[in-house]
Amino acid sequence: MHIKTTSFVKSATKPANYPESSLPEVAFAGRSNVGKSSLLNVMVQRKSLVRTSSTPGRTQLINFFDLNEELLLVDLPGYGFAKVPMSVKKQWGPMIRTYLQSRENLRAVVMLFDIRRVPRDEDLQMLDWLEEYGVPTIPVITKADKISRNRRKQQIKPILEATGLPEDAFTLFSALSKEGRDEIWERVEMALDDATPLDDED
Ligand SMILES: Nc1nc2c(ncn2[C@@H]2O[C@H](COP(=O)(O)OP(=O)(O)OP(=O)(O)O)[C@@H](O)[C@H]2O)c(=O)[nH]1
Ligand SMILES: [Mg+2]
């Protein structure tokens with residue numbers, strides 16, 4: 001993907017406020033602090049199109065960004081941060097489900113896992129919803145720079161076990177080294193191509 005222009009479009013919590021657009025859309029999901037916003041910035045080669053934070057749980061809205069007026073990129077609110085008020089936590093599930101279920105533009109979700117953490121209930125819940133709503137999923141293990149190469153295979157075992165996904169389903173990524181960026185773009189582009197309507201076969 002050649003990056004020409006990027007811009008923030010808007011934030012929303014409910015469908016009435018999603019941007020009116022027929023552009024294909026790719027969303028980024030994962031627990032709070034996993035590195036969604038950092039990954040998005042690396043994908044579009046901008047230092048801070050998307051606000052990153054050392055205070056987890058700051059992004060509680062669905063944030064829409066435009067890329068080249070060709071594609072919308074969506075930073076989904078993180079989950080699982082203990083200090084978020086209960087009222088906000090309760091909104092998260094319905095907000096995400098409604099988005100996954102109703103957003104017709106959605107072509108794929110990039111789902112992030114932290115290389116140092118065992119996936120938790122919300123991560124598995126998220127994978128279940130993606131399957132339920134038939135959203136193509138691109139699983140990514142991020143913060144790869146935190147673990148030396150020779151320890152990685154061992155380190156990601158709990159992620160493979162918890163998700164039931166094979167090792168080659170995951171792309172290893174680091175926002176620091178930018179390792180994995182090109183592979184994620186390839187997989188996103190494949191998902192966009194796959195979603196192009198084919199001739200009806202029936
Ligand atoms: N070492 C390292 N740090 C990272 C990486 N990705 C993100 N971080 C750091 O992790 C912290 C959280 O990153 P964000 O991108 O804000 O995470 P987020 O998933 O958007 O978090 P919320 O918006 O709170 O849900 C920041 O301090 C980042 O600098 C990475 O690949 N390697
Ligand atoms: Mg964020």
Side-chain angles (χ1 to χ4, degrees), residues 6-13 25-67 72-97 99-100 108-127 129-130 137-153 155-156 159 163 170-185 187-188:
T6 55
S7 61
F8 172 69
V9 179
K10 68 187 300 197
S11 299
T13 56
E25 197 163 289
V26 176
F28 296 79
R31 65 185 310 103
S32 194
N33 207 41
V34 74
K36 296 174 293 298
S37 304
S38 302
L39 177 120
L40 253 161
N41 285 328
V42 170
M43 294 298 281
V44 301
Q45 292 169 316
R46 296 289 181 273
K47 279 217 175 69
S48 54
L49 174 69
V50 188
R51 187 159 58 164
T52 58
S53 155
S54 50
T55 318
R58 284 276 291 276
T59 332
Q60 297 300 337
L61 302 167
I62 303 174
N63 292 308
F64 295 83
F65 300 87
D66 176 277
L67 176 58
L72 293 179
L73 300 174
V74 180
D75 197 12
L76 291 172
Y79 45 81
F81 182 54
K83 284 185 186 156
V84 168
M86 200 49 176
S87 58
V88 173
K89 276 190 195 164
K90 280 193 183 147
Q91 286 159 12
W92 175 80
M95 180 166 34
I96 300 276
R97 279 187 84 150
Y99 171 78
L100 296 177
V109 168
V110 177
M111 174 78 198
L112 278 73
F113 297 86
D114 186 322
I115 195 164
R116 301 162 306 169
R117 291 179 189 277
V118 178
R120 299 228 306 242
D121 288 352
E122 297 102 322
D123 296 305
L124 304 178
Q125 175 69 262
M126 188 70 205
L127 286 176
W129 287 338
L130 290 166
T137 303
I138 301 172
V140 168
I141 295 175
T142 189
K143 306 199 185 183
D145 58 275
K146 299 266 192 189
I147 304 292
S148 66
R149 281 181 188 268
N150 58 15
R151 282 184 45 228
R152 285 182 186 176
K153 217 177 168 65
Q155 182 73 31
I156 67 176
I159 302 179
T163 59
F170 291 89
T171 300
L172 276 172
F173 175 81
S174 161
L176 289 192
S177 71
K178 302 186 173 42
E179 162 187 359
R181 177 186 182 270
D182 294 348
E183 187 176 310
I184 297 172
W185 263 127
R187 297 181 69 190
V188 166

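Counting convention: from 1, in listed order, for ligands and their atoms alike. Note that the structure is a prediction, hence the values are computed from the model and not measured.
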* To do: Sequence neighbours left out, what passes ring-ring contact (aromatic ring centres under 6.0 Å, His included) with F28? Give chain and number order.
  =>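 Partners of F28 by the ring-ring contact (aromatic ring centres under 6.0 Å, His included) criterion come out as none, since no residue qualifies.
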
* Testing N63, T13, L61, I96 for side-chain contact (heavy atoms from CB on, under 4.5 Å) with P77, which one passes? ->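 The single option meeting the side-chain contact (heavy atoms from CB on, under 4.5 Å) with P77 is I96.
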
* To do: Pull out every atom of ligand 1 sitting under 4.0 Å from any heavy atom of A175, numbered as shown with elements.
  =>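 Answer, ordered by atom number: 5 (C), 6 (N), 30 (C), 31 (O).
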
* Any chance the side chains of D75 and S37 put a donor and an acceptor closer than 3.5 Å? -> yes

Measure from [atom] to every heavy atom in [options] and give the option owning the shortest one.
atom: atom 20 (O) of ligand 1; options: P77, S37, S177; result: S37
atom: atom 3 (N) of ligand 1; options: R31, Q60, K143, K36; result: K143
atom: atom 14 (P) of ligand 1; options: S38, G180, G78; result: S38

* Asked: Considering only heavy atoms, does T142 approach ligand 1 within less than 4.0 Å through its side chain, its backbone, both, or neither?
  ->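 Just the side chain.
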
* Per-residue contact class, N33 against ligand 1 - non-hydrogen pairs under 4.0 Å ->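 It is both parts that get close, each with some atom under 4.0 Å.
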
* Donor-acceptor pair, side chain of R97 and main chain of W129, under 3.5 angstrom ->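 No, the answer is negative, given that no donor and acceptor are paired below the 3.5 Å cut-off.
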
* Examine G35 against ligand 1 and note whether any of their N/O atoms are separated by less than 3.5 Å. => yes

* Asked: Which word best sums up how the rings of F170 and F113 line up, parallel for under 30°, tilted for 30 to 60°, or perpendicular for over 60°?
  -> perpendicular

* To do: Output all residues satisfying salt bridge (charged side-chain N to carboxylate O under 4.0 Å, His left out) with E122, sequence neighbours left out; order by chain, then residue number.
  =>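 Checked E122 against salt bridge (charged side-chain N to carboxylate O under 4.0 Å, His left out); zero matches.
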
* Examine all N, O or S atoms of S32, backbone included, and report whether one is under 2.8 Å from the Mg ion (ligand 2). => no

* K153, NZ: over 12 other non-hydrogen atoms inside 6.0 angstrom -> no

* S174 near ligand 1 by a heavy-atom separation under 4.0 Å ->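 S174 counts as a contact of ligand 1 under the 4.0 Å cut-off.
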
